[in-house]
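Before any comments, here is the structure.
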Amino acid sequence: MTVTLADVAARAQVSPATVSRVLNGNYPVAAATRERVLRAVDDLDYVLNGPASALAAATSDLVGILVNDIADPFFGIMAGAAQSQIGGPEGAGAGRAGGEKLAIVCNTGGSPERELTYLTLLQRQRAAAVILTGGALEDPDHSTAVAAKLAKLADGGARVVLCGRPPLAVPGGGGSVAAALAFDNRGGARRLTEHLLALGHRRIGYVAGPVERTTTRHRLEGHRDAMDAAGLGGTVDRLTVHGPYDRQSGYDATLELLRRDPELTAVVAANDTVALGACAALRERGRSIPDDVSVAGFDDLPFSADAMPALTTVRLPLYEAGARAGRLAMGREAVPPGGIASVPAELMVRGSTGAPRV
């Protein structure tokens, strides 16, 4: 026999409305009452009819987390942290469904078309919230299309959170919220290059990310700001090579930089993974790190401190930002003033950078 919501209410000695409030998590319920309802749910093995519940309510139990590449630790850390907050409030019992949401990680592969497709599918599923992670594509048409999709999601009651992505105007939304946790890529990159300049470096190569990404532009702008302030802005274009955010790109780009300037004394990489490729290219050419050439990365991914030598980088609090995005998506944290919060970047000086040879 199918167990009904009324059966749970009878078992817990509460009203059906109270059971609904506990399971939907949309109304405060006393802790003791909530525990009694959840125990009844467990005892009776009651399963909420998700589609029917979504039709009755504005949204479903789904939360979409969009990432460019789940295999990249940058995205994996944020997605995992967000999911830790979406799975339910602190102390919720394992296997219980009392206001928790189901997190769906959508891997776009960096494809703008796939990003729009996932947003459409999440809208059809009446997603309760959507979190978009990482930099955005610098294309006006795509930005307009994404804004339109997010507006439709917000109109349907979904919360929209941008984590590590620049703010994007989302019109209206029937009381829904849009929040942006914006990484200080520009400031972090500027401080990183200032560190190298303070050590005495003047011939600094830059391995940038893909041209069409906001993260690439912001980090390159920070590097350029520091070089301009040192009177070296004229060398930036010649000593910048763009490529994907992967190890092979760092390897290939560093060989190209050495071809352009064999006397290079420092390489700044778009991220830590790219920096590993840069290190491999330098060692292959017989250059010692940091005695001959200093190398720096960005993000402070888990492996950076264990590289040989340990990698100087810029730390972004990826786990903390992802967890905050999860809380915002669940409505457990207030939206920051103006809907935007800057996430600080911290310079981490390690063994891969040093003063150039005199």
Side-chain angles (χ1 to χ4, degrees), residues 185-211 213 215-301 303-305 307-315 345 347-358:
N185 286 306
R186 189 180 288 104
R190 184 182 66 251
R191 287 188 288 277
L192 183 59
T193 299
E194 287 173 346
H195 163 66
L196 292 170
L197 291 166
L199 290 173
H201 292 279
R202 294 297 179 268
R203 306 176 88 141
I204 303 174
Y206 191 89
V207 183
V211 175
R213 291 283 164 181
T215 300
T216 299
R217 177 169 60 84
H218 293 160
R219 293 182 183 182
L220 183 53
E221 285 174 350
H223 171 69
R224 188 184 298 275
D225 288 346
M227 295 292 280
D228 284 342
L232 300 170
T235 69
V236 173
D237 288 340
R238 183 174 67 88
L239 293 180
T240 296
V241 179
H242 289 270
Y245 286 115
D246 58 33
R247 183 184 181 279
Q248 187 63 44
S249 172
Y251 177 88
D252 294 339
T254 299
L255 293 181
E256 173 60 21
L257 288 171
L258 289 173
R259 186 192 68 77
R260 295 182 187 183
D261 185 356
E263 303 303 316
L264 206 67
T265 66
V267 174
V268 179
N271 68 12
D272 295 341
T273 304
V274 173
L276 292 185
C279 290
L282 290 168
R283 291 193 182 99
E284 185 179 281
R285 292 304 172 94
R287 308 294 177 93
S288 174
I289 303 167
D291 295 337
D292 297 322
V293 181
S294 289
V295 177
F298 208 108
D299 294 335
D300 195 26
L301 297 178
F303 60 77
S304 62
M308 294 296 290
L311 191 63
T312 290
T313 184
V314 173
R315 181 181 186 273
L347 177 65
M348 308 293 291
V349 178
R350 299 188 180 117
S352 68
T353 54
R357 292 184 187 273
V358 178

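By convention here, the first residue in the shown sequence is residue 1.
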Decide yes or no on side chain to side chain contact (heavy atoms under 4.5 Å, CB included) for F298 and N185, but give the supporting numbers first.
CA-CA 9 Å; F298 208 108; N185 286 306; 3.7 Å; yes
Verify side chain to side chain donor-acceptor pair (under 3.5 Å) between H195 and T353, making sure each step is shown before the conclusion.
CA-CA 9 Å; H195 163 66; T353 54; 3.1 Å; yes
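- Here the shortest heavy-atom pairing between P244 and P210 reads CA-CG, 4.1 Å.
- Annotation: side chain of M227 is in contact with side chain of T193 (closest heavy-atom distance under 4.5 Å).
- Of the listed residues (N271, D272, D300, D299), just one forms a side chain to side chain donor-acceptor pair (under 3.5 Å) with T313, and that residue is D272.
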L311/V295 under side chain to side chain contact (heavy atoms under 4.5 Å, CB included): CA gap, chis, key distance, verdict:
CA-CA 7 Å; L311 191 63; V295 177; 4.2 Å; yes
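- The CZ atom of R203 lies 4.0 Å from the CG atom of D261; values are rounded to the nearest 0.5 Å.
- A salt bridge is defined here as a Lys NZ or Arg NE, NH1 or NH2 lying under 4.0 Å from an Asp or Glu carboxylate O, and R224 with D237 meets this definition.
- Every side-chain contact (heavy atoms from CB on, under 4.5 Å) that A230 has, sequence neighbours left out, goes to L197, L232.
- A distance of 6.5 Å separates CZ of R217 from CZ of R186, quoted to the nearest 0.5 Å.
- For the atom pair CZ (R285) and OG1 (T254), the distance works out to 10.5 Å, reported to the nearest 0.5 Å.
- Counting heavy atoms from C-beta on, the side chains of L282 and L258 come closer than 4.5 Å.
- Salt-bridge annotation for R259 and E256: present, with a side-chain N of the basic residue lying under 4.0 Å from a carboxylate O of the acidic one.
- Q248 CD to L276 CG: the interatomic distance, rounded to the nearest 0.5 Å, is 12.5 Å.
- Distance check: R283 CZ to S288 OG gives 8.5 Å after rounding to the nearest 0.5 Å.
- Panel note: side chain S294, backbone G354; a donor-acceptor pair is recorded below 3.5 Å.
- Contacts classified as ring pair (Phe, Tyr, Trp, His ring centres under 6.0 Å) and involving residues 230-264 (residues at least two apart or in different chains) are not found.
- L192 and A296 get closest at one heavy-atom pair: CD1-CB, 3.7 Å.
- Across every non-hydrogen atom of T265 and R202, the tightest pair is OG1-N, 4.3 Å.
- With a 4.5 Å cut-off on side-chain heavy atoms, R350 and S304 count as touching.
- For R260 against T240, the heavy-atom pair with the smallest separation is NH1-O, 3.3 Å.
- What you find for P309 and S352 is that their closest heavy atoms are CG-CA, 3.7 Å.
- Exactly one of V241, V267, L239 qualifies for a side-chain contact (heavy atoms from CB on, under 4.5 Å) with V207. That residue is V267.
- A search for ring-ring contact (aromatic ring centres under 6.0 Å, His included) contacts involving Y206 returns H223, not counting sequence neighbours.
- Across every non-hydrogen atom of A270 and G209, the tightest pair is CB-N, 3.6 Å.
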